[in-house]
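Taking it in order: structure first as C-alpha cells, then the write-up.
Atom set for the values below is all heavy atoms of this structure, side chains included, hydrogens, waters and symmetry mates excluded. A note on names: the letters A, B, ... follow the listed sequences, proteins ahead of strands, and every chain is numbered from 1.
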There are 2 protein chains.
Amino acid sequence: MTAESSALTKNQEMVLGALSQAKGPMSAYAILDELRQEGFRAPPQVYRALEKLMKNGLVHRLESLNAFVACSHGACHSTGLVAFAICDQCGLVSEFSDEAVTNSLTNWIAKNQFSNTKTTIEIRGDCAACAAA
Amino acid sequence: MTAESSALTKNQEMVLGALSQAKGPMSAYAILDELRQEGFRAPPQVYRALEKLMKNGLVHRLESLNAFVACSHGACHSTGLVAFAICDQCGLVSEFSDEAVTNSLTNWIAKNQFSNTKTTIEIRGDCAACAAA
DNA sequence: CTGCGGACGTTATAATATAACAACGAGCCG
DNA sequence: CGGCTCGTTGTTATATTATAACGTCCGCAG
C-alpha cells in the first residue's frame with residue numbers, strides 16, 4: 001500500500017493472466033470457464049477481479065462486445081482517452097490513444113460544460129489484414 | 001416501398017413511439033413493459049423492431065448502458081460519426097456529431113487501413129445542469 | 001484474545017438477448 | 001381458384017451477461 005494501487009490478489013492475478021494470454025477479448029464467462037481448472041466456481045469471483053483490475057487500469061471493458069481485454073500498455077494511467085479498433089473477423093483489438101481524437105473530444109466536452117468521467121470509443125470493422133483477405 | 005427505407009410496421013411504430021416519448025434511454029425490457037398494455041407479450045417483438053429501427057437510423061443503441069434512444073434528428077443518415085454524452089445523474093442523452101472528432105477519428109482509421117463499419121462514442125459523466133447542482 | 005475489515009466462496013436471481021418454430025396474410029403465378 | 005413463397009408476427013424456451021445477499025476465513029490493530 002505504499003505507492004502503487006496495492007498488489008493484486010491471487011484471483012486478480014489469475015484473471016489478468018487469462019486475459020493476457022488470450023489473443024483477443026474474453027467474456028467474463030469465458031474467463032470463468034478457463035479458470036475452473038484452477039478452482040474458480042462462480043461468476044462473482046471473475047467480476048470482482050475484473051472490477052479491481054479495471055480500476056487499476058490493467059484491464060479494459062469493451063462495451064460493444066460485453067467483453068474484456070488486458071491493457072496493451074501494462075497499465076493505462078486512468079485519465080487519458082483510450083480507443084479501440086476491433087476486427088469483427090479475427091477478433092484483433094488495437095488499443096490506441098490518438099492525440100487529435102483526444103483533443104477534439106475534450107474540446108467538445110469543455111465547450112458543452114460536460115463533466116466527463118469515462119469515455120468509450122470503439123471502432124468496429126475489419127483490420128487491414130482481414131480486409132485484404 | 002418506393003423511395004424511403006420502407007414504411008414501418010405497427011410494432012416498429014409502437015417501439016419508436018415509446019422511445020420518442022421517453023425523456024431518456026430505455027432498456028428493451030422497459031419498452032416491453034410499457035407496451036404490454038398495447039398487446040406486446042415477449043422480448044423478440046421488441047428486439048425485432050429495434051433491429052429494423054436501428055438499421056434505418058431512427059434509433060441508436062447506447063452500448064455502455066445496454067439501452068436505446070430515438071435519434072434526435074428524426075433519422076441519422078447513416079454515414080456520419082455520431083457521439084453521445086450521457087448524464088449519469090439525470091439520464092439526459094445529448095446526441096451530437098462533431099466535425100473535429102469525426103475528422104480525427106476517420107483520419108486514424110485511414111492511417112491504419114482499418115475498414116470501418118460502425119463506431120461507438122459515448123461520454124459518461126454529468127451534464128452542465130447536474131454538475132452545477 | 002477480540003473485534004474489525006477485506007477478500008473470498010457460494011447460492012440464488014436479476015437483466016439482457018436470441019434461437020427456433022408455428023401461424024398468418026399478402027402477393028404472385030400456375 | 002388453389003397453391004406457393006416470403007416476410008411479419010406470436011410464442012415458448014433458453015442462452016448469455018451481471019449482481020445481490022450472505023456466510024466464512026484470515027490478518028492485523030488495539
Side-chain angles (χ1 to χ4, degrees), chain A residues 1-2 4-19 22 24-56 58-69 88 91 118 120 122 124, chain B residues 1-2 4-19 22 24-56 58-69 88 91 118 120 122 124:
Chain A
M1 58 244 20
T2 46
E4 294 298 282
S5 15
S6 78
L8 298 179
T9 67
K10 195 156 73 83
N11 282 359
Q12 290 157 15
E13 291 281 10
M14 286 195 287
V15 168
L16 181 56
L19 281 174
M26 296 180 80
S27 78
Y29 280 75
I31 296 170
L32 175 57
D33 286 342
E34 191 148 305
L35 293 179
R36 278 190 198 282
Q37 37 180 326
E38 328 261 359
F40 274 50
R41 307 322 260 0
Q45 299 177 280
V46 174
Y47 283 104
R48 288 198 280 234
L50 287 171
E51 193 178 354
K52 181 76 170 302
L53 292 166
M54 286 189 291
K55 199 148 52 186
N56 293 3
L58 300 168
V59 161
H60 300 291
R61 177 189 177 93
L62 301 176
E63 300 286 356
S64 69
L65 292 178
N66 293 330
F68 305 85
V69 283
D88 287 330
K118 198 198 168 207
T120 298
E122 296 177 16
R124 301 283 296 272
Chain B
M1 188 60 70
T2 47
E4 294 298 282
S5 13
S6 77
L8 299 179
T9 67
K10 194 155 74 81
N11 283 359
Q12 290 156 16
E13 291 280 10
M14 287 196 286
V15 168
L16 182 56
L19 281 173
M26 295 180 80
S27 77
Y29 280 75
I31 296 170
L32 175 58
D33 286 342
E34 191 148 305
L35 294 180
R36 279 190 198 282
Q37 37 179 328
E38 327 261 0
F40 273 49
R41 307 321 265 355
Q45 298 177 281
V46 174
Y47 283 104
R48 288 199 281 234
L50 287 171
E51 194 180 354
K52 182 78 169 301
L53 291 166
M54 286 189 291
K55 200 148 52 186
N56 293 3
L58 300 169
V59 162
H60 300 292
R61 177 190 177 93
L62 299 176
E63 299 287 355
S64 69
L65 293 178
N66 293 332
F68 305 85
V69 283
D88 288 329
K118 198 198 167 205
T120 298
E122 297 177 16
R124 301 285 295 273

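Within the 4.5 Å cutoff, the side chain of F40(A) has heavy atoms near those of the N11(A) side chain. Between V15(A) and V59(A) there is no side-chain heavy-atom pair separated by less than 4.5 Å.
Helix bend of the helix from dC1(C)-dG30(D) to dG30(C)-dC1(D): the angle between its two end axes, each built from five pairs, comes to 0° after rounding to 10°.
Between the CG atom of L32(A) and the P atom of dG9(C) there is a distance of 12 Å, given to the nearest Å. Between F40(A) atom CZ and dA7(C) atom P there is a gap of 14 Å when expressed in whole angstrom units. One atom, CG of L8(A), and another, C1' of dA7(C), lie 13 Å apart when rounded to the nearest Å.
For R36(A), the salt bridge (Lys or Arg N to Asp or Glu O under 4.0 Å) partners are D33(A), not counting sequence neighbours. Under the side-chain contact (heavy atoms from CB on, under 4.5 Å) criterion, E38(B) pairs with M14(B), L35(B), sequence neighbours left out.
Across M26(B) and A18(B), no two heavy atoms sit closer than the pair SD-O, 3.8 Å. Residue L50(B) comes nearest to A28(B) through the heavy atom pair CD1-CB, 4.2 Å, listed as atom of the first residue, atom of the second, then distance. The two residues L16(B) and L58(B) make their nearest non-hydrogen contact at CD1-O, 4.1 Å.
In terms of modelled atom types and a separation under 3.5 Å, the side chain of Q45(B) and the main chain of A42(B) share a donor-acceptor contact.
Along DNA chain D, read 5' to 3', the first and last nucleotides having any atom under 4.0 Å from a heavy atom of chain B are dT8(D) to dT12(D).
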What are the atom names and distances for every N/O pair under 3.5 Å that joins the protein to nucleotides 15-24 of chain C?
residue : atom : partner : partner atom : Å
dA17(C) : OP1  : R61(B)  : NH1          : 3.3
dA17(C) : OP1  : R61(B)  : NH2          : 2.2
dA17(C) : OP2  : Y47(B)  : OH           : 3.0
dA17(C) : O5'  : Y47(B)  : OH           : 3.4
dA17(C) : N7   : Y29(B)  : OH           : 2.7
dA17(C) : N6   : Y29(B)  : OH           : 3.2

Expected list for residues 61-69 of chain A: side-chain donor-acceptor pairs under 3.5 angstrom, two or more places apart:
residue : atom : partner : partner atom : Å
R61(A)  : NE   : E63(A)  : OE1          : 3.1
R61(A)  : NH2  : N66(A)  : OD1          : 3.3
E63(A)  : OE2  : K118(A) : NZ           : 3.4
S64(A)  : OG   : E122(A) : OE1          : 2.6
S64(A)  : OG   : R124(A) : NH1          : 3.1

